[in-house]
**Q** 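Take this structure, written in structure tokens, and hold onto it; I'll ask about it next.
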Amino acid sequence: MPGRSQRKFVAPLNQPPLADFKVGVDNVIFSVDTAQNRLLVLLVMRQQEPFLNHWSLPGTLVRQGESLEDAAYRILSEKIRAKNLYLEQLYTFGGPQRDPREASDSYGVRYLSVSYFALVRFEEAELIADRMTGIAWYPVKQVPQLAFDHNEILAYGHRRLRNKLEYSPVAFEVLPEVFTLNDLYQLYTTVLGENFSDYSNFRARLLKLGFLCDTGIKVSRGAGRPASLYRFDAEAFAPLKDKPLVFI
């Protein structure tokens, strides 16, 4: 059209080459020690450079022909035995220089981490120490400086756990099949903090929502009155799925 200037796209010179990535997975494996009201994360001691003898999240590079999820489950199975666990993809961490090997690699290989978030039952989880000199549950509040950017990955996973507790039934993945309301409340206060809700409001809200089934069985613990045992009803919870602030 007359009067309209024609602009041509010119590719910039000296563009940096495309990045060559190696892909790994890092698992943030949480558990809740309800007896001592502690939120725990599984750490392993690195047996090789970089960060030799530093604590880190359990991780691995993805093998040829292996999916990301298969790699996440593989590293889980190498570190822990658990009948019940919850696993979902968390986030992808791929910033430059997140891995010291990038600086020494003459081919400019970048290391990408696809992180996964897992939740397991503490009482049923068995740590696998074969070929390892260091593997341990650490209270989240006492985690030391970790290898790579694993403190950042852990913090992201902790936020995801807190958010999921507010609107999803993930807590029931780590509770026994039957539990008291106080068991459930202790799990929530361990993860969210004691100020998230008082017990009376928490109890009244959950019973009103109608997805806890009273088994009719009572259990005595200490000098107080016997407490009712409840079971989670997934079908009754279905209409509330993904609605925010269900539990608090």
Side-chain angles (χ1 to χ4, degrees), residues 15-32 39-52 54-80 82 84-120 125 132 135 137-138 140-141 143-171 173-174 191-192 241-242 244:
Q15 287 184 324
L18 295 177
D20 182 14
F21 282 103
K22 286 189 177 181
V23 180
V25 296
D26 291 301
N27 288 347
V28 189
I29 306 172
F30 288 114
S31 194
V32 178
L39 176 63
L40 307 172
V41 63
L42 187 65
L43 300 180
V44 296
M45 184 73 73
R46 283 187 58 81
Q47 304 299 304
Q48 59 189 20
E49 295 287 1
F51 296 106
L52 176 66
H54 280 68
W55 289 104
S56 71
L57 299 172
T60 182
L61 290 175
V62 180
R63 295 172 177 171
Q64 286 285 352
E66 184 178 46
S67 71
L68 293 172
E69 187 169 291
D70 285 345
Y73 274 110
R74 172 168 59 82
I75 200 66
L76 268 171
S77 68
E78 292 173 357
K79 304 295 187 259
I80 191 170
N84 298 282
L85 64 86
Y86 175 87
L87 179 73
E88 72 171 42
Q89 193 173 120
L90 182 62
Y91 194 72
T92 299
F93 294 81
Q97 284 80 52
R98 63 171 298 274
D99 191 308
R101 288 170 290 191
E102 294 179 10
S104 60
D105 195 311
S106 59
Y107 295 100
V109 173
R110 295 268 301 279
Y111 286 80
L112 187 77
S113 173
V114 180
S115 58
Y116 279 79
F117 153 79
L119 193 60
V120 301
M132 296 208 48
I135 180 169
W137 289 113
Y138 256 82
V140 168
K141 294 181 180 180
V143 166
Q145 184 62 43
L146 303 178
F148 306 104
D149 53 356
H150 288 188
N151 289 89
E152 180 184 354
I153 296 175
L154 171 58
Y156 196 98
H158 191 192
R159 290 195 297 272
R160 174 70 64 85
L161 174 61
R162 291 169 62 92
N163 290 339
K164 289 195 74 70
L165 281 179
E166 293 179 0
Y167 68 84
S168 80
V170 66
E173 302 283 347
V174 293
V191 177
L192 298 179
K241 185 180 180 183
D242 296 329

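Every heavy atom of this structure was used, including side-chain atoms; hydrogens, water molecules and symmetry mates were not.
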**Q** Any idea which heavy atoms bring Ser113 and Ile153 closest together, and the distance?
**A** OG-CD1, 4.0 Å

**Q** Give the intermediate values and the outcome of side chain to side chain contact (heavy atoms under 4.5 Å, CB included) for residues Leu68 and Val23.
**A** CA-CA 9 Å; Leu68 293 172; Val23 180; 3.7 Å; yes

**Q** If you take all heavy atoms of Val114 and Gln89, which pair is closest and at what distance?
**A** CG1-CD, 3.7 Å

**Q** Taking all non-hydrogen atoms of both residues into account, name the closest pair between Ala147 and Arg46 and its distance.
**A** CB-CD, 3.8 Å

**Q** Suppose we screen for side chain to side chain contact (heavy atoms under 4.5 Å, CB included). Which residues come up paired with Glu88, at least two apart in sequence or across chains?
**A** Tyr86, Phe117, Arg160, Lys164

**Q** Tell me, do Leu39 and Ser31 make a side-chain contact under 4.5 Å, heavy atoms counted?
**A** no

**Q** For Leu42 and Tyr138, what are the C-alpha separation, side-chain angles and deciding distance, and is it a side chain to side chain contact (heavy atoms under 4.5 Å, CB included)?
**A** CA-CA 6 Å; Leu42 187 65; Tyr138 256 82; over 6 Å; no

**Q** Can you tell me how far CD of Glu173 sits from OG of Ser168, rounded to the nearest 0.5 angstrom?
**A** 8.5 Å

**Q** Between Pro58 and Ile29, what is the shortest heavy-atom contact and its length?
**A** CG-CD1, 4.1 Å

**Q** Rounded at 0.5 Å granularity, tell me how far CG in Leu161 sits from CZ in Phe30.
**A** 5.5 Å

**Q** Would Asn151 and Tyr156 satisfy side chain to side chain contact (heavy atoms under 4.5 Å, CB included), going step by step from the backbone distance to the final call?
**A** CA-CA 9 Å; Asn151 289 89; Tyr156 196 98; over 6 Å; no

**Q** Are Val25 and Ser115 close enough that some pair of their side-chain heavy atoms sits under 4.5 Å apart?
**A** no

**Q** I'd like to know if the side chain of Asp70 reaches the main chain of Gly65, judged simply by a donor and an acceptor atom lying under 3.5 Å from each other, with no hydrogens or angles considered.
**A** no

**Q** Any non-hydrogen side-chain atom of Glu66 less than 4.5 Å from a side-chain atom of Arg74?
**A** yes

**Q** Taking all atoms of both residues into account, what is the closest heavy-atom pair of Leu43 and Pro144, and its distance?
**A** CD1-CD, 4.2 Å

**Q** If only atom types and distance count, is the side chain of His54 paired as donor or acceptor with the main-chain N or O of Leu146 below 3.5 Å?
**A** no

**Q** Side chains of Ile75 and Tyr116: does their closest heavy-atom pair fall under 4.5 Å?
**A** no

**Q** Mind checking whether Lys22 and Leu112 have side chains closer than 4.5 Å, heavy atoms only?
**A** no

**Q** Could you walk me through whether Arg110 and Asp20 pass the side chain to side chain contact (heavy atoms under 4.5 Å, CB included) check?
**A** CA-CA 6 Å; Arg110 295 268 301 279; Asp20 182 14; over 6 Å; no

**Q** Mind listing the closest non-hydrogen atom pair of Ala118 and Leu87 along with its distance?
**A** CB-CD1, 3.9 Å

**Q** As an exercise, state the distance from CD of Glu152 to OH of Tyr91, rounded to the nearest 0.5 Å.
**A** 8.5 Å

**Q** Side chains of Val41 and Trp137: closer than 4.5 Å at any heavy-atom pair?
**A** no

**Q** Between Tyr111 and Phe21, does the ring centroid distance fall short of 6.0 Å?
**A** no

**Q** Under a 4.5 Å cut-off applied to non-hydrogen side-chain atoms, are Ile80 and Val120 in contact?
**A** yes

**Q** Is any side-chain heavy atom of Phe93 closer than 4.5 Å to one of Asp149?
**A** yes

